[in-house]
Asker: 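Pasting in a structure now, in structure tokens, and then I'll have a few things to ask.
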There are 2 protein chains.
Amino acid sequence: MLKYEVIAADIQKSIEDGALKPNEKLPTVVELCELYGVSKITVRRAMEWLVENGLVASRRGSGTFVKKPITLPENPLVTGSNERAEGFSAQHYKHSERVTSKVYDFSVVTPPAHIAELLNIEPDDFAYYHCRVRLSDDVPIAIEYTYMPLDLIPGLKRQHLYGSVYRYLRDEIGLTLSSFHRAIRAVPATESEAERLDTEVGAPLLELEQVGYLDSGIPFEYSRSRNVGERYVLNNITLA
Amino acid sequence: MLKYEVIAADIQKSIEDGALKPNEKLPTVVELCELYGVSKITVRRAMEWLVENGLVASRRGSGTFVKKPITLPENPLVTGSNERAEGFSAQHYKHSERVTSKVYDFSVVTPPAHIAELLNIEPDDFAYYHCRVRLSDDVPIAIEYTYMPLDLIPGLKRQHLYGSVYRYLRDEIGLTLSSFHRAIRAVPATESEAERLDTEVGAPLLELEQVGYLDSGIPFEYSRSRNVGERYVLNNITLA
DNA sequence: AAGTGGTCTAGACCACTTC
DNA sequence: AAGTGGTCTAGACCACTTC
């Protein structure tokens, strides 16, 4: 664990267990430097992390203060975060839900031209294609349509689709996932989606269309996931 | 403009006008230090900005490389960014659209309990409430329901609702907006929304429910904006 | 072995707030 | 005037990649 991570985690813990109360002033940057025996830039890193994650607000000239933690009402079944791309399994296991999948299609195809383009492969290159529905405690949450370049990923099997594909890529193949470009939309459920997701035709779905990149900058997936509107929320902190 | 911003902007420009091509290696950190006569940490800041904005990928031990810029298909009329909260007007003027508003309600009320809670005001404190539809080139894009604490904002008038309320808060009142907590959902249009947004009842809307904060950490707005699914996309870059 | 990015030190200097 | 966070310097040291 890096030094700035230790500091940020400590402060986060103090806020979460109430040792630091909303609107309370944190120790000054200089004090924290002395406290942890680190340099100013390291404390700043920790502060930046806390600001980005919505825990504190810094005001030049006066100090850094604990924000009143707010959670917007979470009626729906399932909550995702848009800060980091974690994949469905990682997000849901946290809440000790039982995540399962129904696989509707798993094949090797030559993807449509615009998808080949996004994946940076030739029009006649092969890609895995799969369609699966993700369920949390047996309730269908989302349907995914995913393309992954064949050449990049040796040995993807149907069985992997029942668990976390990202875990397979990371732990078994040793790929390093680095970033995702996302477009977020609201779309109506098609007839087949309505059936597979146990909802109505035309029901609002939250669509996340994304291209995922390895740290090498190479795209490793094109994916469209459509989440049932009334069962899924995406949470997010944004800076002005 | 800060030094690291200058460096980041230079490199961004080189990428955008093609001087730096996809997959090309950037100068090393040390080279950039010499080139700009700055210290390493300043170059790192610039690199971090470029990584966060999806322009380059850094690989320890080998270098920093230009990413193939991708833009996901943008069928819809209007595109927003989820990186920074800019407000409707700022996002849309960029595309040289004509942004207008229809105001359906503007009043002072005591907000519902859960909203008062989120705004950190007493249950019987007053707040401005407004409901307006935002149009881009006369096409309705979104309907907003917003509460703002009365005490915080002197002199909000109906006329301000026809332009950018954020601009009023910033430039006229001198408030500094700092961050937004957002929940993103797909919801069906109600009857009145369908009529005001010129769409069907039950049509998918992209809802952004958000609490906005001042740099002092005080909430200044609770807002729910519902964007017509087929006319609006939110774009976003996420790190793994 | 040489080259690359990543974290960190110990401070300087500045912008801004508070009193 | 004193206190606070924000940017930056000039380097050290390290982890990792490439050859």
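The structure presented is a predicted model; accordingly, all values stated were derived computationally and were not measured. Per chain, numbering begins at 1; letters A, B, ... match sequence-line order.
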Asker: May I have the distance from B:Leu2 (atom CG) to C:dC14 (atom P), rounded to whole angstrom?
Answerer: 15 Å

Asker: Can you tell me how far P of C:dT18 sits from NZ of A:Lys25, to the nearest Å?
Answerer: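 In whole Å, C:dT18 P and A:Lys25 NZ are 11 Å from each other.
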
Asker: Closest nucleotide of DNA chain C for A:Tyr4 versus for A:Arg59: which of these residues is on the 5' side?
Answerer: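 Closest to the 5' end, via its nearest nucleotide, is A:Tyr4.
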
Asker: Does B:Ser62 put a side-chain nitrogen or oxygen below 4.0 Å from OP1 or OP2 of C:dT4?
Answerer: no

Asker: Between D:dT9, C:dA15, D:dC8, which one does the side chain of B:Val38 approach most closely?
Answerer: D:dT9

Asker: In whole Å, I'd like the distance from the CD atom of B:Glu48 to the C1' atom of C:dT7.
Answerer: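 One finds 10 Å between C1' of C:dT7 and CD of B:Glu48, rounded.
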
Asker: Would you check, one step at a time, whether the test ring-ring contact (aromatic ring centres under 6.0 Å, His included) holds for A:Tyr213 with A:His181?
Answerer: CA-CA 8 Å; A:Tyr213 291 88; A:His181 284 57; 5.2 Å; yes

Asker: To the nearest Å, give me how far apart CE (B:Met1) and P (C:dC14) are.
Answerer: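 That distance rounds to 21 Å.
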
Asker: Over how many whole Å does the gap from B:Glu34 atom CD to D:dA10 atom C1' extend?
Answerer: 13 Å

Asker: Check every atom of C:dA10, D:dT7, D:dT4 against the side chain of B:Arg45 and return the nucleotide holding the closest atom.
Answerer: D:dT7

Asker: Which of the following nucleotides, C:dC8, D:dG5, D:dC14, is nearest to the side chain of B:Arg60?
Answerer: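 The listed nucleotide nearest to B:Arg60's side chain is D:dC14.
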
Asker: Using a 3.5 Å cut-off on both pairing distances, which stems of three or more Watson-Crick or G-U pairs include DNA chain D?
Answerer: C:1-18 with D:1-18

Asker: Can a donor-acceptor pair be found between the side chains of A:Ser179 and B:Lys67 at a distance below 3.5 Å?
Answerer: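 On atom types as modelled, these side chains qualify, holding a pair under 3.5 Å.
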
Asker: It should be established whether A:Thr42 places a side-chain nitrogen or oxygen under 4.0 Å from OP1 or OP2 of nucleotide C:dT9.
Answerer: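 Yes, within the criterion.
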
Asker: Under a 3.5 Å threshold, yes or no: a donor from one side chain and an acceptor from the other, between B:Glu209 and B:Tyr222?
Answerer: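 Their side chains do contain a donor-acceptor pair, which is all the 3.5 Å distance test asks for.
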
Asker: Return the nearest nucleotide to the side chain of B:Ser58; candidates are C:dG6, C:dT4, C:dT9.
Answerer: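 Closest nucleotide to the B:Ser58 side chain: C:dG6.
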
Asker: Taking OP1 and OP2 of D:dA12, is either one under 4.0 Å from a side-chain nitrogen or oxygen of B:Lys40?
Answerer: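 So the side-chain polar atoms of B:Lys40 never come under 4.0 Å of the phosphate oxygens OP1 or OP2 of D:dA12.
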
Asker: Taking atom OH of B:Tyr168 as the centre, report whether more than 12 heavy atoms of other residues, nucleotides or ligands fall under 6.0 Å from it.
Answerer: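 Yes, enclosed.
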
Asker: Hey, which of A:Leu55, A:Val56, A:Val66 is the one that makes side-chain contact (heavy atoms from CB on, under 4.5 Å) with A:Leu20?
Answerer: A:Val66

Asker: Measure the distance from CG on A:Leu32 to P on D:dT4 and round it to the nearest whole Å.
Answerer: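 Result: 11 Å.
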
Asker: Which whole-number value in Å describes the distance from B:Trp49 CH2 to C:dG6 P?
Answerer: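 Atom CH2 in B:Trp49 sits about 17 Å away from atom P in C:dG6.
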
Asker: Quick one about A:Arg182 and B:Asn82 (side-chain donor to acceptor, distance below 3.5 Å, no hydrogens or angles considered), yes or no?
Answerer: no

Asker: Side-chain atoms of residues 3-13 of chain A: list all donor-acceptor pairs with protein atoms under 3.5 Å, sequence neighbours left out, distances to 0.1 Å.
Answerer:
unit_1, atom_1, unit_2, atom_2, d
A:Glu5, OE1, A:Leu2, N, 3.0
A:Asp10, OD2, A:Tyr36, OH, 2.7
A:Gln12, NE2, A:Glu16, OE2, 3.4

Asker: Rounding to a whole Å, what distance do you find between B:Ile41:CD1 and C:dT9:P?
Answerer: 10 Å

